[in-house]
Amino acid sequence: MVKRLKELLSPIIGVDAAASVIASYDVIGDIAIIKVPEQAFEYRQAVGSAIMNDNKSIKSVWAQVSPVQGEYRIRELANIAGEDRSVTVHRESGCTFNLDVREVYFSPRLSHERERIASLVGEGERVFNMFAGVGAFSIVIAKRVNNVKVYSAEINEAAYRYMLMNIEQNKLKSTVIPILDDARNVAARLRHGVDRVLMPLPERAMEYYEDAIASLDGGGWIHLYLHVKRSRGEDIIYLTKDRLKPYGGSVESYRIVREVGPSTLQLVFDIKFNSI
Ligand SMILES: C[S@@+](CC[C@H](N)C(=O)[O-])C[C@H]1O[C@@H](n2cnc3c(N)ncnc32)[C@H](O)[C@@H]1O
């Protein structure tokens, strides 16, 4: 696939641009999503067909025509090959996720991060996923760890409906608790009631950081996802840690989750709060 797409695109948009198109290609269930640059948009059907020819499990190809945007973090998509269908079933880490790629946020690129977080959760923990989407982090955790409760807040009604379906299909009805509400309201209700908080909304997580801290039962862990701009000569880790200092807690580890733009990284900070 990579070779054929490269051959197709390189003469049109250049070798570097072709490589970045290929790197932008995601598979969610039997749907492929690809960022086709403006200069190559007229060749989008050929790009879609090349993907389908080389990967027979792909039944539908969509071009991403807007960035991930808005409160629900969704992107505009245009069907460029195969079935005009945006609902699919994605399998990952022994879990099943039903979703509509046009209505909800979902990234297969976070699968490693979901596994990593699940490996940190201890038996019997109460976890609060503030921005749960279709329940991906919550379900991977609940499948892996015994006796957990994962409170899962989401404001996008479509994502919430898929989360209900996914909880049911993964047989996690008593462990993942879906909540259709703003994370801030849910944090107020869970006040001092959880051991761990996930904040997978990098663009706005800082706005909810104090709510997350207040929901911890004395002590616990917060996994804070942030988009951080890289700029030459600056130590972005030092600067971010400095920004977090006034809130207390200690950054025990951090990692680059992925690159989200030419100079922007998605980072996760694992922050420990000791009980008082
Ligand atoms: C970047 S997505 C992450 C979804 C999910 N955790 C995943 O990895 O697939 C962020 C999600 O938070 C939801 N969201 C945004 N603001 C919210 C809020 N104030 N309260 C609850 N959910 C919110 C969005 O609708 C979106 O589904």
Side-chain angles (χ1 to χ4, degrees), residues 26-29 31 33 64 66-76 86 88-93 95-118 121 127-143 150-167 170 172 176-190 194 196-212 214-215 222-228 255 257-261 264-268:
D26 272 350
V27 177
I28 303 177
I31 292 177
I33 298 176
Q64 179 171 336
S66 83
V68 170
Q69 59 194 5
E71 221 181 358
Y72 298 162
R73 309 310 300 150
I74 50 188
R75 51 195 166 177
E76 278 173 41
S86 53
T88 191
V89 182
H90 183 79
R91 294 199 168 77
E92 171 192 306
S93 304
C95 305
T96 302
F97 304 126
N98 295 269
L99 63 117
D100 184 331
V101 292
R102 299 178 83 184
E103 285 198 277
V104 306
Y105 176 92
F106 182 83
S107 174
R109 292 175 194 232
L110 293 174
S111 61
H112 171 74
E113 181 58 15
R114 290 191 264 271
E115 284 277 351
R116 186 187 77 91
I117 295 291
V121 177
V127 180
F128 176 23
N129 183 355
M130 292 184 98
F131 311 108
V134 300
F137 274 92
S138 305
I139 286 170
V140 173
I141 292 170
K143 269 265 181 201
V150 191
Y151 301 96
S152 305
E154 176 53 52
I155 46 163
N156 173 357
E157 234 180 289
Y160 172 78
R161 273 189 275 109
Y162 282 107
M163 175 162 39
L164 294 182
M165 207 186 288
N166 295 332
I167 293 170
N170 290 281
L172 295 168
V176 178
I177 296 118
I179 306 160
L180 178 62
D181 201 351
D182 189 293
R184 178 155 293 143
N185 301 334
V186 182
R189 293 201 291 277
L190 289 173
V194 302
R196 189 180 295 271
V197 184
L198 315 185
M199 307 189 72
L201 180 62
E203 303 78 7
R204 298 189 54 201
M206 269 323 283
E207 293 172 39
Y208 292 82
Y209 192 41
E210 284 181 284
D211 303 281
S215 66
I222 296 184
H223 304 287
L224 174 67
Y225 294 82
L226 294 175
H227 282 168
V228 182
R255 67 179 282 266
V257 179
R258 56 189 176 141
E259 280 196 31
V260 285
T264 307
L265 297 174
Q266 184 181 137
L267 301 174
V268 58

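Every number for a ligand or one of its atoms is a count from 1 in the order of the listing. The first residue in the sequence is number 1, and the count goes up from there.
- For atom 20 (N) of ligand 1, the closest heavy atom belonging to the protein is Ala183 N, 2.8 Å.
- Among Asn156, Asn185, Ile155, the residue whose heavy atom sits closest to atom 16 (N) of ligand 1 is Ile155.
- Only side-chain heavy atoms of Arg114 come within less than 4.0 Å of ligand 1; its backbone N, CA, C and O stay farther off.
- Under a 4.0 angstrom heavy-atom cut-off, Ala159 registers as lying outside contact with ligand 1.
- Every atom of ligand 1 with a heavy atom of Leu201 under 4.0 Å away is listed here by number and element: 10 (C), 15 (C), 16 (N).
- Side-chain atoms of Ser111 and Glu92 form no donor-acceptor pair, as typed in the model, at a separation below 3.5 Å.
- By the 4.5 Å heavy-atom criterion applied to side chains, Val68 and Ile74 are not counted as neighbours.
- Close approach of ligand 1 to Leu110 is summarised as follows: ligand atoms under 4.0 Å from at least one heavy atom of the residue are 8 (O).
- Side-chain contact, Asp181 with Asn185: a donor N or O sits under 3.5 Å from an acceptor N or O.
- Using a 3.5 Å distance cut-off with no hydrogens or angles, the side chains of Glu113 and Tyr225 do pair a donor with an acceptor.
- Atoms of ligand 1 lying under 4.0 Å from any heavy atom of Ala132, numbered from 1 in the order shown and given with element: 5 (C), 6 (N).
- At a heavy-atom distance under 4.0 Å, only backbone atoms of Met130 (N, CA, C or O) approach ligand 1.
- The shortest distance between side-chain heavy atoms of Leu265 and Val260 does not fall below 4.5 Å.
- Each of the following atoms of ligand 1 lies closer than 4.0 Å to a heavy atom of Tyr208: 19 (N).
- Per-residue contacts place Phe137 under 4.0 angstrom from the following atoms of ligand 1 (heavy atoms of the residue considered): 6 (N), 8 (O).
- A side-chain N or O of Asp100 and one of Ser86 form a donor-acceptor pair less than 3.5 Å apart.
- One option in Pro202, Pro200, Ala136 has a heavy atom closer to atom 3 (C) of ligand 1 than any other, and that option is Pro200.
- Atom numbering of ligand 1 starts at 1 in the shown order; those under 4.0 Å from a heavy atom of Asp182 are 19 (N), 20 (N).
- Between Gln69 and Glu76 the shortest side-chain heavy-atom distance falls below 4.5 Å.
- Scanning the protein heavy atoms around atom 24 (C) of ligand 1, the nearest turns out to be Glu154 OE2, 3.4 Å.
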Side chain to side chain contact (heavy atoms under 4.5 Å, CB included) between Val268 and Leu224, worked out: CA-CA 5 Å; Val268 58; Leu224 174 67; over 6 Å; no

Intermediate values then yes/no, side chain to side chain contact (heavy atoms under 4.5 Å, CB included), Arg196 and His223: CA-CA 8 Å; Arg196 189 180 295 271; His223 304 287; 2.8 Å; yes

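- Not a single heavy atom of Val68 sits less than 4.0 Å from an atom of ligand 1.
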